Amino acid sequence: MSTLRESRPTYAVIDLDRFERNVEVIARSLPEDARLVAVLKADAYGHGAVEVARRLRADRVAMIAVALLEEALELRRAGIELPLFVLGPLSKDQIVLALDHRITIGVVGPEELDLVCEIARDRDVAIHLKLDSGMGRMGVVETELPGVIERIRVTPRLCIDGIYTHFANADDAADPFTEIQIANYDRMLAVLREAGIDAPLHHFANSAATLRGFVRPGDFARVGIALYGPSEITIATGTIEPVLRWRTEIMRLKELPAGHAIGYGTSFHTARPSRIATLPVGYADGYDRLLSNNAEVIVRGKRAPVVGRVSMDLVTIDVTDIPDTAVGDEVTLLGDGISAEELAKRSQTISYEVFCRISARVPRVYRDGDTVRVRSRFAE
Ligand SMILES: *Cc1c(COP(=O)(O)O)cnc(C)c1O
């Protein structure tokens, strides 16, 4: 690959077979007639939305959901034919564009509903209506329901295809807030139904709620993070595995005496004669600065600690305890047992952000059967 030949040996390898297996494991775990919505926003959480979308099949996935209209259009332009859903919010121009490209929109409040109803004077418009069941962010709140019902009633060309909500705390099994949100959602659904408004589709579960078994028969489940394997997760239908491996190589290796400083701020001093390796990766690539003196990498199957500060373009590790280490050795930053969740805990964030922060400077390499494709921002 010419792009890889001209690039640093720092890149992320995306295992599309694994991605497809994760989709399979999750889809098969859903209750009767429930269907998977694959959430590919933010470039499929940094994995590359077009590449992973090409591995989704209509018999496994009902829709692809993204956050932005631009993300949906990128998939359409790449020839993705699966139904697309934009979580929004959208401007009026964007709503028209979405409809023109057969992209389903989630309407997140009365303001957006007004725009949709204006457009529905001249054409048929199908939407999913979002309810705020307690998160306080997007969605129609309970006190807004009468106005929303009235608006829908006087707009005959508007069709409500789906009704949905989103959970704030589904990843915390000890917190009863998800059950409270479900009760709020059901109460709001009942108000709509009493007014003669319902939809053929309903959905509320994200990854955490799906893995906890909250999905109802016949519903959709909007699953994002679990598709990518933030750590290894075993459920009844199989094991969800990490899809992305972020690797680099040792470019500089030196022997330093005890008491030698390492890196900016001289935050680390060798306690013994040490072998220190320098890696061509840094916080500009998304390797968080909070991992300074606070992470491990894999070299020759063993863990080696990050020592000193993470700089913009470089990281230093201590390989004193790994015999025979040499320049050119492969180093795994994420993967091979180092999960996104591990790096997230160490850098005080969540696995989602660990994935999303792997920057465009890091090429994505796709092994697909016998072929290798490279996606690099330097390739154009
Ligand atoms: C991002 C998102 C999801 C997916 O959440 P995960 O926790 O990644 O499964 C589902 N629904 C909405 C509305 C979202 O914004």
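These figures come from a predicted structure and were not determined experimentally. Whatever order the structure lists ligands and atoms in, that order sets their numbers, starting from 1.
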At what distance is the nearest protein heavy atom to [atom], and which residue and atom is it?
| atom | value |
| --- | --- |
| atom 4 (C) of ligand 1 | Y45 OH, 3.6 Å |
| atom 1 (C) of ligand 1 | K41 NZ, 1.4 Å |
| atom 12 (C) of ligand 1 | H166 CE1, 3.3 Å |
| atom 9 (O) of ligand 1 | S207 OG, 2.5 Å |

Original post:
If you count the atoms of ligand 1 from 1 in the order shown, which ones are under 4.0 Å from a heavy atom of Y352?
Top reply: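 Going through ligand 1 atom by atom, the ones under 4.0 Å from Y352 are 6 (P), 7 (O), 8 (O).
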Between [X] and [Y], is any side-chain donor less than 3.5 angstrom from a side-chain acceptor?
| X | Y | answer |
| --- | --- | --- |
| N293 | S267 | yes |
| S133 | T165 | yes |
| S91 | D93 | no |

Original post:
For atom 5 (O) of ligand 1, which candidate among N206, V37, L211, L87 provides the closest heavy atom?
Top reply: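 The residue whose heavy atom sits nearest atom 5 (O) of ligand 1 is N206.
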Original post:
Which one holds for R222 and ligand 1: side chain close, backbone close, both close, or neither close, with close meaning a heavy atom under 4.0 Å?
Top reply: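 For R222, backbone and side-chain atoms both sit under 4.0 Å from ligand 1.
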Original post:
Side chains of L201 and H128: closer than 4.5 Å at any heavy-atom pair?
Top reply: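 Side-chain contact under 4.5 Å: yes.
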**OP:** Could you check if a side-chain atom of R272 sits within less than 4.5 angstrom of a side-chain atom of D318, using non-hydrogen atoms only?
**Re:**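 A side-chain contact exists here, since the closest heavy-atom pair is under 4.5 Å.
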**OP:** Please confirm whether V223 comes within less than 3.5 Å of ligand 1 when only nitrogen or oxygen atoms on both sides are compared.
**Re:**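 No, since none of the N or O atoms of V223 sits under 3.5 Å from an N or O of ligand 1.
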**OP:** Answer yes or no: are there more than 12 heavy-atom neighbours, outside E179 itself, under 6.0 Å from its atom CD?
**Re:**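 Yes, CD of E179 has more than 12 neighbouring heavy atoms, counting only those of other groups under 6.0 Å.
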